[in-house]
Amino acid sequence: MKAMAVRAAVYLGEAGRAYGHEFDGNDHHATHLLATIDGEPVGCCRIRYFGTFAKPERLTVLPSYRRGRYGRRGVAYELAQSAFDFCHRKGYRTVYGHAVEDLVGFWARFGTEPMPDGEFEVEGYKLVAMAGNAELPADALGLHSGHLVLIRPEGAWDRPGPLEGETPASTVELAA
């Protein structure tokens, strides 16, 4: 709900997008990353999965948290880096996404580049399809990861989960 509140504030309120465009029916089978500061939601990113690649999308940050340094860099950077790390940890070498034309450089920082013939337009926004491949981390999930690890809550693979008597945290807190 917190991620949806951030997206609604930015995409529906600030950007004036249509509800059906922003809430497109893909949220229930996606992973949602949430950035919080002092317990309050300030940014989010949705990740969807397709056969051989993952697609981080809908990354957004509330206006008052766009310019400051939170974590190592800023909320958007930390969310994007977390999304790419998350995808690679899940075993996806390839990450694909759509960048608003003026944010191509931002997304290139995470190992993606514009795809040939990847420019298109949606609701007046010029978008660029981008993709990149990365080496998987040593702890990437797979059949070798262990049965209990593979039934732990999404993203909490390093901590005992509810079926092991624990309840892991579901958000990442950024330092101001």
Side-chain angles (χ1 to χ4, degrees), residues 1-12 19 22-66 68-97 106-107 109-112 131-176:
M1 296 304 296
K2 292 177 182 179
M4 301 309 133
V6 171
R7 281 177 42 203
V10 173
Y11 290 122
L12 303 182
Y19 177 87
E22 181 53 30
F23 297 103
D24 57 3
N26 288 314
D27 291 312
H28 296 293
H29 51 272
T31 299
H32 299 271
L33 302 183
L34 180 69
T36 63
I37 295 177
D38 296 330
E40 290 297 313
V42 299
C44 61
C45 180
R46 176 173 86 179
I47 305 170
R48 292 191 297 142
Y49 308 97
F50 301 83
T52 60
F53 66 93
K55 185 177 186 282
E57 57 191 6
R58 301 291 206 269
L59 188 147
T60 193
V61 176
L62 293 174
S64 55
Y65 294 93
R66 291 183 189 153
R69 291 179 72 86
Y70 300 95
R72 286 186 14 216
R73 308 248 175 149
V75 176
Y77 183 92
E78 295 291 342
L79 270 170
Q81 186 64 64
S82 295
F84 279 71
D85 291 347
F86 191 92
C87 294
H88 299 317
R89 178 82 192 272
K90 279 191 68 110
Y92 289 93
R93 293 181 195 280
T94 304
V95 177
Y96 164 81
F106 173 81
W107 290 105
R109 293 179 186 173
F110 306 99
T112 64
N133 294 305
E135 292 297 317
L136 294 179
D139 62 351
L141 297 173
L143 293 177
H144 65 279
S145 298
H147 307 304
L148 288 173
V149 170
L150 295 175
I151 60 173
R152 290 176 179 162
E154 191 77 346
W157 304 294
D158 296 327
R159 297 186 302 269
L163 297 176
E164 299 165 85
E166 300 292 329
T167 306
S170 61
T171 63
V172 174
E173 181 80 12
L174 298 178

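These values consider heavy atoms only, across backbone and side chains, with no hydrogens, waters or symmetry-generated copies. In this chain, residues are counted from 1 in sequence order.
Rounded to the nearest 0.5 angstrom, R7 CZ and C44 SG are separated by 6.0 Å. To the nearest 0.5 Å, atoms NZ (K55) and OG1 (T94) are separated by 14.5 Å. To the nearest 0.5 angstrom, D27 atom CG is 9.0 Å from R48 atom CZ. Rounded to the nearest 0.5 Å, atoms OG1 (T52) and OH (Y96) are 12.0 Å apart. Note that OH of Y49 is 4.5 Å distant from NZ of K90, once rounded to the nearest 0.5 Å. Atom OG1 of T60 and atom CG of L79 lie 9.5 Å apart (nearest 0.5 Å).
The two atoms that bring E57 and C45 nearest to each other are O-SG, 3.7 Å, heavy atoms only. Residues G43 and L34 come closest through the heavy atom pair O-CD1, 3.5 Å. Annotation for A8 and F23: closest pair N-CZ, 4.1 Å, computed over non-hydrogen atoms. Contact between V75 and Y65 at its shortest, heavy atoms only, is CG2-O, 3.9 Å. Nearest approach of G39 to T36, heavy atoms of both residues: C-CB, 4.2 Å. Nearest heavy atoms, P41 versus V6: CB-CG2, 3.9 Å.
In this structure, the side chain of T112 engages the main chain of W107 through a donor-acceptor pair within 3.5 Å. Between the side chain of R89 and the backbone N or O of P137, no donor-acceptor pair lies under 3.5 Å. Distance alone, capped at 3.5 Å, is enough to place a donor-acceptor pair between the E78 side chain and the R73 backbone.
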| task | Show your working on ring-ring contact (aromatic ring centres under 6.0 Å, His included) between Y92 and F86 and close with a plain yes or no. | result | CA-CA 9 Å; Y92 289 93; F86 191 92; 9.7 Å; no

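Residues H88 and V95 have side chains in contact (heavy-atom distance under 4.5 Å, counting atoms from C-beta outward). The side-chain heavy atoms of L33 and I47, taken from C-beta on, include a pair separated by under 4.5 Å. Side chains of Y11 and Y19 form no contact here, defined as non-hydrogen atoms less than 4.5 Å apart. Side-chain contact between E22 and R58 is present, with heavy atoms from C-beta onward closer than 4.5 Å. In this structure, L163 and L148 have side chains that are not in contact, with every pair of non-hydrogen atoms separated by 4.5 Å or more.
For E164, the CD atom sits in a packed shell: over 12 heavy atoms of surrounding residues, nucleotides or ligands are nearer than 6.0 Å. Counted within 6.0 Å of NE2 on H29, heavy atoms from surrounding residues, nucleotides or ligands total more than 12; the atom is thus considered enclosed.
Below 30°, between 30° and 60°, or above 60°: for Y77 and F106 the angle between ring planes is above 60°, a perpendicular geometry.
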